Peer 1: 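Below is one structure. I have some questions about it.
The basis for the numbers below is simple: all heavy atoms, side chains too, and nothing from hydrogens, waters or symmetry mates. Bear in mind that the values here come from a model prediction, so they are computed numbers and not experimental data. Residue indices begin at 1 and follow the sequence shown.
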Amino acid sequence: ILENQGTNPVYLDKLVGAGFKPALTGEDIEPYTGSDDDLAALFYTSGTTANPKGVMLTHKNIVSNLQGCVPRFHFTEHERMLGTLPLFHALAFTTTLALPLYFGATIVYTGRFSGPRALDAIMKHKVTFVVAVPSMYRVLLRTLNPTTLSYPQRGEGVGKYDISSV
């Protein structure tokens with residue numbers, strides 16, 4: 001769900017209804033049946049050396065990451081995931097893109113992260129699952145309760161933010 005990002009979503013059914021004809025149709029495409037060891041993603045990292053390098057992930061690597069997440073997160077298709085992390089990072093790719101797609105769950109992207117924007121998205125879309133890095137959680141805590149920095153118990157709201165869905 002992209003909102004207020006300065007984008008204009010284009011929906012294929014509207015294009016076809018306006019006379020747009022795709023260059024290829026389903027009949028023109030021969031399905032590719034590759035192997036688990038085929039390259040699926042290429043992430044760039046500086047690692048510990050500060051020299052950029054490409055890290056090649058195969059389909060098997062990604063599926064293995066997903067299989068590692070499933071028993072730990074108890075994730076289901078009913079989840080509503082908040083996407084706050086940049087998708088060029090393997091953690092975000094796995095937990096806020098591939099995992100929800102694997103289950104058929106909903107993903108809510110906020111664009112550039114801010115505490116109020118993330119909390120508004122949690123409220124509006126009844127987000128049930130948030131993956132972030134420690135500094136993002138700190139921002140969320142400060143936005144929720146700037147004086148005590150205390151985090152509400154599951155099912156509670158704080159001030160103007162009702163985050164009981166998380």
Peer 1: Can you pull out every ring-ring contact (aromatic ring centres under 6.0 Å, His included) where at least one residue sits in residues 84-107? Sequence neighbours excluded, please.
Peer 2: Phe43-Phe93, Phe75-Phe103
Peer 1: Can you see which heavy atom on Ser165 is nearest to which on Ile122, and at what distance?
Peer 2: OG-O, 3.8 Å
Peer 1: Under a 3.5 Å distance rule, please check whether Lys126 uses its side chain to pair with a backbone N or O of Lys124 as donor and acceptor.
Peer 2: no
Peer 1: CG of Leu101 to CE of Met81: how many Å apart, nearest 0.5 Å?
Peer 2: 10.5 Å
Peer 1: So Val63 and Lys60, side chain to side chain contact (heavy atoms under 4.5 Å, CB included) or not? Walk me through it.
Peer 2: CA-CA 5 Å; Val63 169; Lys60 190 175 189 177; 5.9 Å; no
Peer 1: Tell me, do Thr96 and Phe129 make a side-chain contact under 4.5 Å, heavy atoms counted?
Peer 2: no
Peer 1: Might you point out which heavy atoms bring Ala41 and Ile62 nearest each other, and give the distance in Å?
Peer 2: CB-CD1, 4.2 Å
Peer 1: Which pair of non-hydrogen atoms, one from Gln67 and one from Pro71, has the smallest distance, and what is that distance?
Peer 2: O-CD, 3.0 Å
Peer 1: Identify the two heavy atoms, one from Ala121 and one from Leu82, that lie closest to each other, and give their separation to 0.1 Å.
Peer 2: CB-CD1, 3.9 Å
Peer 1: Side chains of His125 and Thr106: does their closest heavy-atom pair fall under 4.5 Å?
Peer 2: no
Peer 1: Taking the side chain as C-beta and beyond, is there a heavy-atom pair between Thr94 and Leu99 under 4.5 Å?
Peer 2: no
Peer 1: Please tell me whether Ser35 and Asp37 have a donor and an acceptor in their side chains that are separated by less than 3.5 angstrom.
Peer 2: no
Peer 1: Decide yes or no for Tyr137 and Val139: does some side-chain heavy atom of the first lie under 4.5 Å from some side-chain heavy atom of the second?
Peer 2: no
Peer 1: Does some side-chain heavy atom of Met136 sit less than 4.5 Å from a side-chain heavy atom of Thr84?
Peer 2: yes
Peer 1: Taking a hydrophobic cluster as the set of Ile, Leu, Val, Met, Phe, Trp and Tyr residues connected by side-chain heavy atoms closer than 4.5 Å, whether directly or through intermediates, do Leu87 and Leu39 fall within one such cluster?
Peer 2: no
Peer 1: Could I get the full list of side-chain contact (heavy atoms from CB on, under 4.5 Å) partners for Ser114, not counting sequence neighbours?
Peer 2: Pro116, Arg117
Peer 1: Side chains of Leu140 and Phe113: closer than 4.5 Å at any heavy-atom pair?
Peer 2: yes
Peer 1: Please tell me whether Leu97 and Tyr44 are part of a single hydrophobic cluster in this structure, the criterion being side-chain heavy atoms less than 4.5 Å apart.
Peer 2: no
Peer 1: Quick one: list whatever passes side chain to side chain donor-acceptor pair (under 3.5 Å) with Thr58, sequence neighbours left out.
Peer 2: Asn61
Peer 1: Please answer whether the main-chain N or O of Arg80 pairs with a side-chain N or O of Thr128 as donor and acceptor at a distance below 3.5 Å.
Peer 2: yes
Peer 1: Could you walk me through whether Val131 and Leu85 pass side chain to side chain contact (heavy atoms under 4.5 Å, CB included), step by step?
Peer 2: CA-CA 8 Å; Val131 175; Leu85 298 169; 3.9 Å; yes
Peer 1: Quick check for you: to the nearest 0.5 Å, what is the distance between Asn65 atom CG and Leu91 atom CG?
Peer 2: 9.5 Å
Peer 1: So do the side chains of Pro52 and Thr45 get within less than 4.5 Å of each other, counting heavy atoms only?
Peer 2: no
Peer 1: Taking all non-hydrogen atoms of both residues into account, name the closest pair between Pro86 and Ala92 and its distance.
Peer 2: O-CB, 3.1 Å
Peer 1: Hey, does Leu119 have a side-chain heavy atom less than 4.5 Å from the side chain of Ile163?
Peer 2: yes
Peer 1: Can you give me the closest heavy-atom contact between Met56 and Leu42, atom names plus distance?
Peer 2: CG-CD1, 3.5 Å
